[in-house]
There are 2 protein chains.
Amino acid sequence: MSAPHPAAGRPEKRRAITGAARRVFGNEGYVRAGVDAIAAEAGVSKRTIYNHFRDKEDLFLSVALEGAHEVTETIARLLDRHLRKIVDVADDLTAFALERVAAVAEFPEHFALVRTIEAEAARIPPAVLEEWIKAGPQTAHLRLAPYLARMADDGLLTPEDPERAADHFNLLTVVNVNQRTFYGAIPLPPEQVTELVTDGVRTFLRLYGR
Amino acid sequence: MSAPHPAAGRPEKRRAITGAARRVFGNEGYVRAGVDAIAAEAGVSKRTIYNHFRDKEDLFLSVALEGAHEVTETIARLLDRHLRKIVDVADDLTAFALERVAAVAEFPEHFALVRTIEAEAARIPPAVLEEWIKAGPQTAHLRLAPYLARMADDGLLTPEDPERAADHFNLLTVVNVNQRTFYGAIPLPPEQVTELVTDGVRTFLRLYGR
DNA sequence: GTCTATAAAAAGATAGAC
DNA sequence: GTCTATCTTTTTATAGAC
């Protein structure tokens with residue numbers, strides 16, 4: 001993977017490469033993206049890329065994994081910010097879901113890359129794919145559960161299986177929007193996003209609200 | 001698109017080409033799939049492909065649209081079979097959802113192609129993409145609504161906006177499974193699929209059941 | 001309309017100098 | 001470790017014979 005290759009050169013070059021790769025892979029997709037183009041975008045020679053990464057696939061998967069961690073951390077911060085202390089259940093959940101959805105628009109290259117991963121899923125080594133899923137979507141997904149459990153403990157939600165509740169929350173809000181926008185590839189008018197998310201939270205509370 | 005080209009030769013050849021294209025595009029993705037490979041798979045010369053289709057993109061989009069119509073019709077038949085006459089709301093909805101989900105496994109090449117379309121969404125001409133969405137996912141999605149409306153009229157469901165209810169049904173069943181399996185690229189154990197779908201219908205009925 | 005042969009461009013990866 | 005130059009393969013698309 002992104003493991004420190006035998007000869008890891010200037011870390012600064014490496015970061016230039018991964019940044020460029022994220023952009024080019026995001027814009028062009030895996031196959032169409034040329035290593036030439038990535039090298040040009042990074043301001044680095046092609047040979048330097050091959051000194052840092054075994055091959056094109058290694059570069060792609062490294063960048064994908066890096067982005068997954070980044071987005072997961074961003075979502076963890078959103079969870080903490082909106083759901084650590086609850087003022088109003090509906091308002092706080094809605095605010096969280098809206099920012100969670102907006103995060104997709106804030107990492108356009110990453111989510112373009114996510115679409116590429118989904119398309120290439122059957123051709124990615126299963127172990128690597130699993131690692132990516134665990135680092136990214138699965139964790140971002142499941143980290144909501146403990147917050148819901150806490151809210152149930154505090155009598156703010158009906159006490160049910162928190163992981164299942166988290167699934168339903170995600171489906172009714174984030175997944176719904178991502179499904180329609182193709183992870184941001186076909187943007188939706190903001191007011192429509194707001195409406196979808198608001199309705200999703202309302203529906204969630206019909207299931208789990210007090 | 002698939003419009004009858006100036007010189008449309010043997011219709012039989014054309015069908016051989018589209019069938020081969022569906023398989024090769026499905027297995028390799030758009031960019032990696034070679035026109036050579038499609039010609040070989042179809043048992044046809046490459047030139048013949050270019051006589052029937054303007055270029056590779058035209059071929060791909062034609063096949064995608066054709067597949068979308070096909071799957072939409074399949075789902076329409078499932079709707080009619082399971083939901084035209086209701087015996088038991090929960091049983092009938094579950095049976096429908098299970099077959100609806102299974103349909104993804106029955107058209108593996110098509111849904112591999114769907115993943116490719118999602119990945120390429122930002123690079124597909126918007127008008128063409130919209131046409132595909134309307135022919136495929138959107139229609140398959142919305143055709144459920146009238147059945148739910150009918151069930152509400154018959155007092156089997158609470159009378160609410162049927163399109164929204166259809167959204168929620170799809171999210172809680174089909175989308176949930178497709179999200180996890182990447183449209184069938186990473187299959188799930190059948191019993192787990194059954195559990196997810198059953199739970200989804202149960203949750204749907206907590207929202208809309210009597 | 002269909003075929004074989006080919007043109008023309010682009011891709012991934014490496015050799016070898018510094 | 002990084003660069004320039006190059007090798008080799010594969011790609012899309014077309015010319016020209018039948």
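In what follows, every chain begins at residue 1, and chains take the letters A, B, ... in the order their sequences are listed. Everything numeric here is computed off the predicted structure, so don't read it as measured data.
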Return yes if a side-chain donor-acceptor contact under 3.5 Å exists between [X] and [Y], otherwise no.
X      : Y      : value
B/H141 : B/D167 : yes
B/H82  : B/E99  : yes
A/E118 : B/Y183 : no
A/N27  : A/R23  : no

Terminal axis angle for the helix from C/dG1-D/dC18 to C/dC18-D/dG1, five pairs an end, nearest 10 degrees: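 The end-segment axes of the helix from C/dG1-D/dC18 to C/dC18-D/dG1 are tilted 10° relative to each other.
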
- Item | B/F204 and B/Y208 aromatic ring geometry - parallel, tilted or perpendicular at 30°/60° bounds |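 Aromatic pair B/Y208/B/F204 classed tilted.
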
Should A/L59 and A/I38 be marked as a side chain to side chain contact (heavy atoms under 4.5 Å, CB included) after you check the CA-CA gap, both sets of side-chain angles, and the distance that decides it?
CA-CA 10 Å; A/L59 173 57; A/I38 296 173; 4.1 Å; yes

How many Å lie between [atom1] on [X] and [atom2] on [N], as a whole number?
X     : N      : atom1 : atom2 : value
A/I49 : D/dG1  : CD1   : P     : 15 Å
B/D58 : D/dA13 : CG    : P     : 11 Å
A/F53 : D/dG1  : CZ    : C1'   : 14 Å
A/E57 : C/dA13 : CD    : C1'   : 15 Å
B/H52 : C/dG1  : NE2   : C1'   : 7 Å
A/R14 : D/dT2  : CZ    : C1'   : 16 Å
A/N51 : D/dC3  : CG    : C1'   : 10 Å

Exercise. Below 4.0 angstrom from OP1 or OP2 of D/dT2, is there any side-chain N or O of A/S45?
Worked result: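 For D/dT2, neither OP1 nor OP2 has a side-chain N or O of A/S45 closer than 4.0 Å.
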
For the residue pair B/K56 and B/Y30, would you count it as a cation-pi contact if the rule is NZ or CZ under 6.0 angstrom from the ring centre and within 45 degrees of the ring axis? yes

task = Take B/T48 and A/R47, find for each the nucleotide of DNA chain C with the closest heavy atom, and name the residue whose nucleotide sits nearer the 5' end.
result =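 Looking at the nearest nucleotide for each, B/T48 comes out on the 5' side.
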
Rounded to the nearest 0.5 angstrom, the CZ-CZ distance for A/R84 and A/R150 is 8.5 Å

Can a salt bridge be assigned to the pair A/E160 and A/R164 using a cut-off of 4.0 Å between side-chain N and carboxylate O?
-> no

Output one line per pair: protein atom, nucleotide atom from nucleotides 10-12 of chain D, and distance, for all N/O pairs under 3.5 Å.
unit_1: D/dT12; atom_1: OP1; unit_2: B/A33; atom_2: O; d: 3.0
unit_1: D/dT12; atom_1: OP1; unit_2: B/K56; atom_2: NZ; d: 2.7
unit_1: D/dT12; atom_1: OP2; unit_2: B/V35; atom_2: N; d: 3.0

